[in-house]
Every structure is written in structure tokens, then in C-alpha cells.
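Working notes for the structure below.
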There are 2 protein chains.
Amino acid sequence: MEKIKQKDINRENLLNEGVALLMQQGYHGTGLKEILDAVKIPKGSFYNYFGSKENFAAEIISHYIEPYLVQLNGYLDESEGNALAALNRYLQEGIAELERTKFKGGCLLGNLMGEVGDTSEICRNALQVSLNSYRDVWEIGLSRAQSEGTIRSDKTAREMADLWVNAWQGALLRMKIEQSTAPLKQCQQALLGDFFKA
Amino acid sequence: MEKIKQKDINRENLLNEGVALLMQQGYHGTGLKEILDAVKIPKGSFYNYFGSKENFAAEIISHYIEPYLVQLNGYLDESEGNALAALNRYLQEGIAELERTKFKGGCLLGNLMGEVGDTSEICRNALQVSLNSYRDVWEIGLSRAQSEGTIRSDKTAREMADLWVNAWQGALLRMKIEQSTAPLKQCQQALLGDFFKA
DNA sequence: TAAAATAATACGACTGGTTGTCTCATTTTG
DNA sequence: CAAAATGAGACAACCAGTCGTATTATTTTA
């Protein structure tokens with residue numbers, strides 16, 4: 001039985017459109033109707049798939065982060081022997097993409113942490129899980145770079161990964177209001193190119 | 001003529017309540033009525049004071065950051081000879097306050113950068129100005145610490161101030177979803193206590 | 001200075017539109 | 001046939017913003 005269910009297609013479409021719209025307009029700034037119209041799915045179906053807008057948002061959060069985890073893991077797996085180079089390549093690719101989309105949106109996690117991080121328990125949880133798993137991948141990458149001698153070892157990889165994620169989130173916010181990827185490049189250079197260097 | 005106009009009192013009350021509510025619920029998550037009811041001011045008056053919700057939000061942003069600038073400048077002025085200690089004391093006070101308020105809200109600038117940073121031009125501008133002036137005060141403090149020999153001088157104070165502001169914004173977001181000031185303390189220790197040290 | 005004219009502010013009911021949620025008859029599916 | 005999925009619409013609550021009128025200040029005139 002390898003039948004592709006329409007329900008799953010619809011769910012996927014809704015999640016994709018949800019990611020795109022929530023990223024640009026935020027949770028409260030995006031109405032369900034807007035998403036529903038975009039993928040041509042009636043409200044009744046929506047409430048059959050997801051129980052509420054809040055649950056939907058929580059699923060969107062997990063759906064959003066997954067490709068980033070896959071991509072970063074991919075870069076790390078490919079480049080044997082130079083994890084630091086893989087991290088930098090991953091960032092370069094991300095920055096290029098943000099320039100292509102004219103800095104719109106930024107990071108959905110960062111935006112939603114600020115907007116609903118302390119009003120929706122469900123979303124808070126999803127955000128926590130997603131952000132931690134993203135941090136974990138960075139920790140692995142930095143740890144590998146440490147054993148390769150390109151990253152300093154007097155600080156734990158975990159500490160640096162946390163600092164990195166924080167600074168990157170801040171840089172993404174500043175990118176949005178400065179309409180420029182300069183904050184991102186500066187952040188990358190300051191940490192990966194300087195402070196974290198062996 | 002030192003008459004205190006009711007209009008100015010009302011404006012001030014609206015801005016204060018606006019800061020409090022926007023910080024917790026965000027821009028789209030907070031209705032004007034909610035603010036108006038809290039300070040008992042009718043709709044018509046509001047639109048007489050501010051032209052729109054968007055303009056109001058932009059004024060809220062400037063109104064929000066001012067006390068922080070004053071406070072940090074105050075700490076820097078007082079502690080002659082040890083700017084780094086002043087920065088740390090300022091942070092300690094801020095962290096204590098956030099613990100008192102149970103991590104609610106975080107930083108209004110960070111939250112609004114994410115939510116309306118690329119949808120409202122007026123707010124984007126206000127955010128940019130406010131964040132830059134905050135960064136500037138940090139630059140002054142770090143620069144003073146450099147000449148006092150407590151902060152490394154192989155990086156510019158401006159670079160470190162930018163990195164600091166970014167990392168701090170990220171740490172505030174993570175505080176919200178982890179419901180703990182641990183990310184803040186970790187951030188303070190990692191940068192002021194380690195990477196920035198002379 | 002007193003009266004009249006003008007301007008500024010205060011007010012809240014109201015508008016048109018949108019929100020998230022839910023109901024229910026119909027269709028599809030196992 | 002029974003259960004699940006679908007789709008269109010109903011619903012009350014809420015939204016930002018408007019408008020005509022009432023009140024208060026300020027300025028002009030005599």
C-alpha cells in the first residue's frame with residue numbers, strides 16, 4: 001500500500017505555506033484565511049488536520065527547522081577533515097539565500113520566540129526543541145573542528161555553540177532592520193574567524 | 001507658563017502601557033482597545049495624540065529604550081576607573097529585574113524586530129535608531145575598558161559592541177523559551193568574562 | 001477687560017472588514 | 001454500510017480607524 005494520501009499532501013502544502021507566511025508576517029499578523037486561500041483548502045479541512053492555529057504553528061516550527069538540520073549535517077558529512085570549512089560553507093550558502101530573498105523573514109524561530117515565546121506554551125515547547133536540536137548540530141561541528149585543531153579547545157564546543165546560536169539570532173534580527181547581510185557576515189567573521197579560532 | 005497639560009500626561013500613560021503590553025503580547029497581539037481601557041482614554045483621543053497604531057508603536061520603541069540608555073550611562077559615569085565593572089553591574093541589575101518579572105517580555109526591540117522589522121517601515125526606522133544608540137553606549141563603555149586595560153584592544157570596541165548586542169538579543173530570546181536567566185548569565189560570562197578579556 | 005470668534009481637544013458610538021473556531025450536510029473511503 | 005474526510009458557510013468577537021458633536025483653550029475684537 002503505497003498510496004499517497006491527499007490528506008498528507010494538503011497537510012504538507014499548508015505547512016509550507018504556513019512557514020512562508022508566518023516568517024514574513026508573524027503569528028498574529030497572519031490569518032488562517034490567508035494561508036487557506038493560498039493553498040485552496042477550506043477551513044473545515046484545516047481543523048480536521050490540525051486542531052487549532054496554535055497547534056498548527058507548533059507543527060510549522062518543527063517543519064521549518066528540519067531542512068536546516070539536514071543541510072548542515074550534510075555539509076559536515078561531506079567535508080571530511082575540515083569541519084570548520086563546512087560550517088563556513090553552510091553559512092555562506094545561507095547568507096546568499098537571504099540576499100536572494102531580500103532579507104525577508106529572517107529566522108522563523110527567532111521571530112516566533114519573540115512574538116509568542118511567552119504566551120503560547122505549545123509553541124514555546126516546539127521552539128525549545130527545535131532550537132536545541134539546531135544548537136546540537138553546531139556543537140557537533142565545532143567539536144569536530146576542535147579535534148581537527150582549527151577551533152580553540154579551552155572552551156567547550158557546547159558553550160561556543162550556544163554563543164553562536166545566540167549571536168546569529170541577533171545578527172538575523174539586525175539584518176532585518178538594516179536591510180543588509182552585513183551583520184551576518186560580521187558575526188560569522190567575529191566568531192568563526194576570530195574568537196573561536198585555535 | 002509651567003502648566004502641565006493633560007494631553008502630555010495621557011500620552012505618557014499610553015506610551016507606558018503600550019510598552020508593557022507590546023512587550024508581552026507583541027504588536028499584532030495587542031489591540032488598541034486593550035491599551036485604551038487600561039489607561040481609560042477614549043479612542044478618539046488616541047487618534048488625536050498619535051495618528052495611527054503604527055506611529056504609536058514607533059514612539060513606543062523610542063520611549064522604551066530611553067531609560068536603558070540613561071541607566072547604562074549612569075553606571076558608566078559613576079564608576080570612574082573601571083568601566084568593565086560598570087557594564088557587569090548594569091547587566092546584573094538587568095538580570096535581577098528579569099528574574100523578578102519571571103522572564104516576561106524580554107526585550108521589546110528584539111521582539112518587534114522579529115515581528116514587524118520588515119513589514120512596517122516606520123517601526124523599522126525607530127528600531128534601527130534605538131538599537132544603534134544602545135550599541136553606541138556599549139561601544140563607549142567597552143572603549144573605556146580598553147584604555148583601562150581590562151578589555152582586549154586587538155579588536156575595535158565597535159566590533160565587540162555589535163557582537164555583544166547581537167548575542168544579548170539572542171540570549172534574551174532563549175531566556176523566554178527556557179524560562180530561565182541562565183542563557184543571559186552564560187552570555188555575560190562568555191563574552192565579558194572570557195572572549196573580550198584583555 | 002469683556003465679549004465674540006476661532007481653534008484645539010475630548011469623546012464614544014459606529015463602520016466595514018477580519019479573526020479563530022465550530023457546525024453540519026455531503027462525499028469519499030475502507 | 002460505517003467511519004472518516006471534506007467543504008461551505010455560520011458565528012460572535014474583535015480589529016483599526018472614522019466622524020459628528022461636546023467641551024475646553026486660545027486668540028481676536030471692541
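Any value given below was found using the heavy atoms of this structure, including those in side chains, with hydrogens, waters and symmetry copies removed. So you know, we letter chains A, B, ... as the sequences are listed, proteins then strands, and number each from 1.
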Using atom [atom1] of [X] as one end and atom [atom2] of [N] as the other, report the distance to the nearest whole Å.
{"X": "B:Gln25", "N": "D:dC14", "atom1": "CD", "atom2": "P", "answer": "13 Å"}
{"X": "A:Asp37", "N": "D:dA8", "atom1": "CG", "atom2": "P", "answer": "12 Å"}
{"X": "B:Lys40", "N": "C:dA10", "atom1": "NZ", "atom2": "P", "answer": "17 Å"}
{"X": "B:Phe50", "N": "C:dT9", "atom1": "CZ", "atom2": "P", "answer": "13 Å"}
{"X": "A:Asn48", "N": "C:dT23", "atom1": "CG", "atom2": "C1'", "answer": "13 Å"}
{"X": "B:Leu36", "N": "C:dG12", "atom1": "CG", "atom2": "P", "answer": "10 Å"}

Q | Residue pairs fulfilling salt bridge (charged side-chain N to carboxylate O under 4.0 Å, His left out) with at least one residue in residues 22-46 of chain B, sequence neighbours excluded | A |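 For residues 22-46 of chain B: B:Lys33-B:Asp37.
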Q: Any ring pair (Phe, Tyr, Trp, His ring centres under 6.0 Å) involving residues 77-102 of chain B? Give me the pairs, sequence neighbours left out, ordered by first then second residue.
A: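 Sorted pair list comes back empty.
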Q. With sequence neighbours left out, which residue pairs that include part of residues 144-172 of chain B fulfil the ring pair (Phe, Tyr, Trp, His ring centres under 6.0 Å) condition?
A.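 Listed by first then second residue: B:Trp138-B:Trp164, B:Trp164-B:Trp168.
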Q.
Any donor-acceptor pair under 3.5 Å linking the side-chain atoms of A:Asn88 with those of A:Gln188?
A.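 On atom types as modelled, these side chains qualify, holding a pair under 3.5 Å.
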Q. Does the side chain of B:Ser62 pick up a donor-acceptor pair with the side chain of B:Glu59 at under 3.5 Å?
A.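 Checked: B:Ser62/B:Glu59 side chains show no N/O donor-acceptor pair below 3.5 Å.
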Q | Results of ring pair (Phe, Tyr, Trp, His ring centres under 6.0 Å) for B:Tyr68 - residues two or more places apart only | A |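 Partners of B:Tyr68 by the ring pair (Phe, Tyr, Trp, His ring centres under 6.0 Å) criterion, ordered by chain and then number, come out as B:Tyr64.
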Q: Scan nucleotides 15-21 of chain D nucleotide by nucleotide, 5' to 3', and note B when protein non-hydrogen atoms come under 4.0 Å of the base, S if they reach only the sugar-phosphate, - if neither.
A: SBBB---
Q. What orientation do B:Phe195 and A:Phe196 show, parallel under 30°, tilted 30 to 60°, or perpendicular over 60°?
A.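 Tilted: the ring planes of B:Phe195 and A:Phe196 meet at 30° to 60°.
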**Q.** Evaluation steps, ring-ring contact (aromatic ring centres under 6.0 Å, His included), between B:Tyr49 and B:Phe56
**A.** CA-CA 9 Å; B:Tyr49 302 151; B:Phe56 179 50; 9.8 Å; no
**Q.** Residue-phosphate contact under 4.0 Å: A:Ser45 side-chain N/O, D:dG7 OP1/OP2
**A.**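 For A:Ser45, the contact criterion (side-chain N or O under 4.0 Å from OP1 or OP2 of D:dG7) is met.
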Q: Give me the residues of residues 112-121 of chain A where at least one heavy atom lies under 4.0 Å from an atom of DNA chain C, by number, or none.
A: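 None, since no heavy atom is under 4.0 Å.
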